[in-house]
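A short write-up of the structure that comes next.
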Amino acid sequence: MQFTGCRLFLPLLLIMTLPAAAVTAPASVCQPLSANGHVMQKDDYVDKVQGFWLGLSIGNWTGLVTEMDKIGGDGPAGQFYTRNDWQAKDQPSIWGQGIPSELSGTIDWVVAAEDNVWGSDDDSDIEYIYLKLMYDSRQPLLSAEQIRAGWLAHIYTDTDTPFKTLDGKPENYLWVSNQYAFDLMLQNILPPYTGMPGNNPHYDMIDAQLTTELFGILAPFRPDVASRLAYLPIRTTAYAEAADIANFYVVLHALAASVDSNKPLQPQILHIASQARADLPSNQYPAKMFDFVLSLYKAGVPWEGARDALYQRYQLEQQDGYEITGKKLYCNGCFAAGINFAASLVSLFYGEGDIQQTLKIATLAGWDSDNPAATWGGLYGFILGRRGVEQAFEQRFSTKFNIHRTRKGFANNGIDNFANMAHMASTIVEDVLRQHLALSMPADASCWHIPAVVKPITEP
């Protein structure tokens, strides 16, 4: 087993003999049919989707090392990490009982080398369920009944799960709003009622972000269509500002199709982020968080200072209508959509167009650190493609994926690969174009020609 440059990801991986996905050379360049349209080369899209799942997995598993290590407040959890802590000793999480992460004793990359398999986690497994539901049904716009049926078919209950926590309790890899929505589904309650405050007290937690970024890459260049596809899946677990935040990530992933990886990335990242921000109501805390963090970045405040400032502003002073602290929740709402959204913006802005720098900051910034790291890993992976991610890290990674690490009921004992997942995504894109944009799709076409949004999103 050859391994260079990163810490090898060993726990819960299966060594397989499935062939690695072929890396194909890009086909000839396709030309747009009009000045107002977009073009996406199909082979390029396949590489981008593989990059999405690869980058997501790198960010997810690396971010898990520091998940809930630092959340503010008294004691060690209030002493936030800085850039100097990269490759330093990992410190225990708030529930770690004094023991550092089992994934890595130091804060460093956690990856699956070519002969290993990536394990699913809550940052990838619900999206995989949605991918399969859309592909198998050939219906990108999932119904409430389809969502409920998919969750019940592929998620363990506490009574049938084979997994246990370290202290011997049943583990089904759902938490907070996701768990509550699942319990409501077991009572025959359908989305969006599973995410409404009257039914789900955790509607404002981070959960919808983890499960819906995928919809953005299934409607490239078209955030309007992506938001339509993601509307009900988002509201399966979220409401109000938490739903708006999840939609921000969906929009950003749809707009990522327009980023040219051959040009400087940072100006383009800031541009599409500002476009996605325009969809946020300006009088509510998500938009104000965005503006606050961006102002600190533009002012040259170091990322650690920006992170400390948002902790002071939102977790302590409860400004801009962000009132999680007043609810007296466990860990001061460390799973909340709001504070994790603000923290994610720190890593997005200060990463300055570099995937490694972005994921390092996301991992060190605090709170539910694996979530922003997974989100930005997926975003950058889609922009760079699998080949670009491997070039950025100067190594080859596994392209195999084990959905049965956390879920159940899939073929091949849950072992899939990024090439097949990209094939499913490509098929769904063609369904989206036919069903939601009324486009004909010649079977032998090497490109998709996608009309521009009729009413373009503009920067604030």
Side-chain angles (χ1 to χ4, degrees), residues 7 9-12 59-81 85 88-108 110 119-126 155-158 161-183 200-202 204-211 237 242 307 311 314-316 324-325 327-344 362-375 405-406:
R7 182 172 299 277
F9 172 48
L10 293 174
L12 297 170
N60 185 189
W61 285 100
T62 300
L64 279 168
V65 175
T66 59
E67 181 188 27
M68 297 301 168
D69 287 1
K70 306 295 181 182
I71 63 170
D74 298 329
Q79 299 168 13
F80 284 105
Y81 289 129
D85 289 298
K89 183 178 179 180
D90 175 56
Q91 298 177 30
S93 69
I94 58 174
W95 55 67
Q97 300 176 331
I99 301 172
S101 172
E102 64 177 10
L103 293 173
S104 174
T106 58
I107 302 171
D108 206 343
V110 178
S120 61
D121 191 50
D122 64 332
D123 285 86
S124 58
D125 53 16
I126 304 297
I155 298 175
Y156 287 104
T157 66
D158 283 346
T161 180
F163 306 119
K164 301 289 183 182
T165 63
L166 292 177
D167 56 0
K169 295 180 180 178
E171 177 66 271
N172 73 340
Y173 295 98
L174 289 182
W175 294 274
V176 210
S177 187
N178 282 341
Q179 180 65 63
Y180 217 93
F182 182 63
D183 291 340
N200 188 335
H202 303 306
D204 53 358
M205 295 294 109
I206 194 176
D207 302 71
Q209 172 203 331
L210 321 183
T211 58
T237 60
R307 185 267 319 282
Y311 169 71
Y314 297 114
Q315 294 292 91
L316 298 181
I324 285 291
T325 296
K327 295 184 178 181
K328 306 295 183 184
L329 300 174
Y330 168 72
C331 72
N332 198 20
C334 58
F335 295 104
I339 193 60
N340 284 288
F341 174 63
S344 81
T363 298
L364 294 167
W367 294 285
D368 211 358
S369 53
D370 63 313
N371 303 144
T375 293
R405 177 189 175 265
T406 54

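Residue numbers run from 1 in the order of the sequence given.
Not one N or O on the side chain of Thr106 forms a donor-acceptor pair closer than 3.5 Å with the backbone of Ala88. Proximity of a side-chain donor or acceptor of Asp125 to a complementary backbone N or O of Thr406 within less than 3.5 Å is not detected. Looking at Thr375, its side chain does come within 3.5 Å of a backbone N or O of Asn371 through a donor-acceptor pair.
Nearest heavy-atom pair, Ser369 versus Gly63, reported as atom, atom and distance to 0.1 Å: OG-O, 3.0 Å. A pairwise comparison of heavy atoms in Ala373 and Thr363 identifies CB-OG1, 4.3 Å as the closest pair.
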Can you check side-chain contact (heavy atoms from CB on, under 4.5 Å) on Met205 and Leu329, steps first, answer last?
CA-CA 11 Å; Met205 295 294 109; Leu329 300 174; 4.0 Å; yes
side-chain contact (heavy atoms from CB on, under 4.5 Å) evaluation trace for Val65 with Val110: CA-CA 8 Å; Val65 175; Val110 178; 3.6 Å; yes
Task: Derivation of the side-chain contact (heavy atoms from CB on, under 4.5 Å) call for Asp204 and Lys327 - done: CA-CA 12 Å; Asp204 53 358; Lys327 295 184 178 181; 2.7 Å; yes
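A heavy-atom distance below 4.5 Å is found between the side chains of Ile94 and Tyr330. A heavy-atom distance below 4.5 Å is not found between the side chains of Asn178 and His202. Residues Pro92 and Ile99 are not in side-chain contact: their nearest non-hydrogen atoms beyond the backbone lie 4.5 Å or more apart. Under the 4.5 Å side-chain criterion, counting only non-hydrogen atoms from C-beta, Leu174 is not in contact with Asp122. Proximity of Ile126 to Ile155: side-chain heavy atoms (C-beta onward) are separated by under 4.5 Å at one or more points.
Annotation: side chain to side chain donor-acceptor pair (under 3.5 Å) contacts of Thr325 (sequence neighbours excluded): Asn332. Take Tyr156 and apply the ring-ring contact (aromatic ring centres under 6.0 Å, His included) test, not counting sequence neighbours, and it matches Phe163. Applying the side chain to side chain donor-acceptor pair (under 3.5 Å) criterion to Ser344, with sequence neighbours excluded, gives Tyr249. Asp121 meets the salt bridge (Lys or Arg N to Asp or Glu O under 4.0 Å) test with Arg405; sequence neighbours excluded.
A salt bridge does not link Lys169 to Asp158: none of the charged side-chain nitrogens sits closer than 4.0 Å to a carboxylate oxygen.
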Per-pair distances, 0.1 Å, donor-acceptor, side chain in residues 335-342, under 3.5 Å, sequence neighbours excluded:
from, atom 1, to, atom 2, distance (Å)
Asn340, OD1, Asp368, N, 3.0
Asn340, ND2, Cys334, O, 2.9
Asn340, ND2, Ala336, O, 2.9

Can you give me every donor-acceptor pair (side chain of residues 69-81, partner residue at least two apart or in another chain, under 3.5 Å) with its distance?
from, atom 1, to, atom 2, distance (Å)
Asp69, OD1, Ser93, N, 3.3
Asp69, OD2, Tyr81, OH, 2.7
Lys70, NZ, Pro76, O, 2.9
Lys70, NZ, Gln79, O, 3.0
Lys70, NZ, Gln91, OE1, 2.6
Tyr81, OH, Gln91, N, 3.1

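When each of Asn200, Asp207, Asn172, Thr237 is tested with Gln179 by the rule side-chain hydrogen bond (donor to acceptor under 3.5 Å, both in side chains), just one qualifies, namely Asn172.
Here the CG-CD distance, from Leu166 to Glu171, works out to 9.5 Å after rounding to the nearest 0.5 Å. The CG atom of Leu210 sits 10.0 Å away from the CH2 atom of Trp175 when rounded to the nearest 0.5 Å. One distance of note links CG of Asp85 with CD1 of Ile107; it measures 5.5 Å at 0.5 Å rounding. We find the OG-CH2 distance between Ser124 and Trp61 to be 8.0 Å, quoted to the nearest 0.5 Å.
Within 6.0 Å of atom CG in Leu316, more than 12 heavy atoms from other residues, nucleotides or ligands are found, so the atom counts as buried in its surroundings. Enclosure of atom NZ in Lys164 by more than 12 non-hydrogen atoms of other residues, nucleotides or ligands within 6.0 angstrom is indicated.
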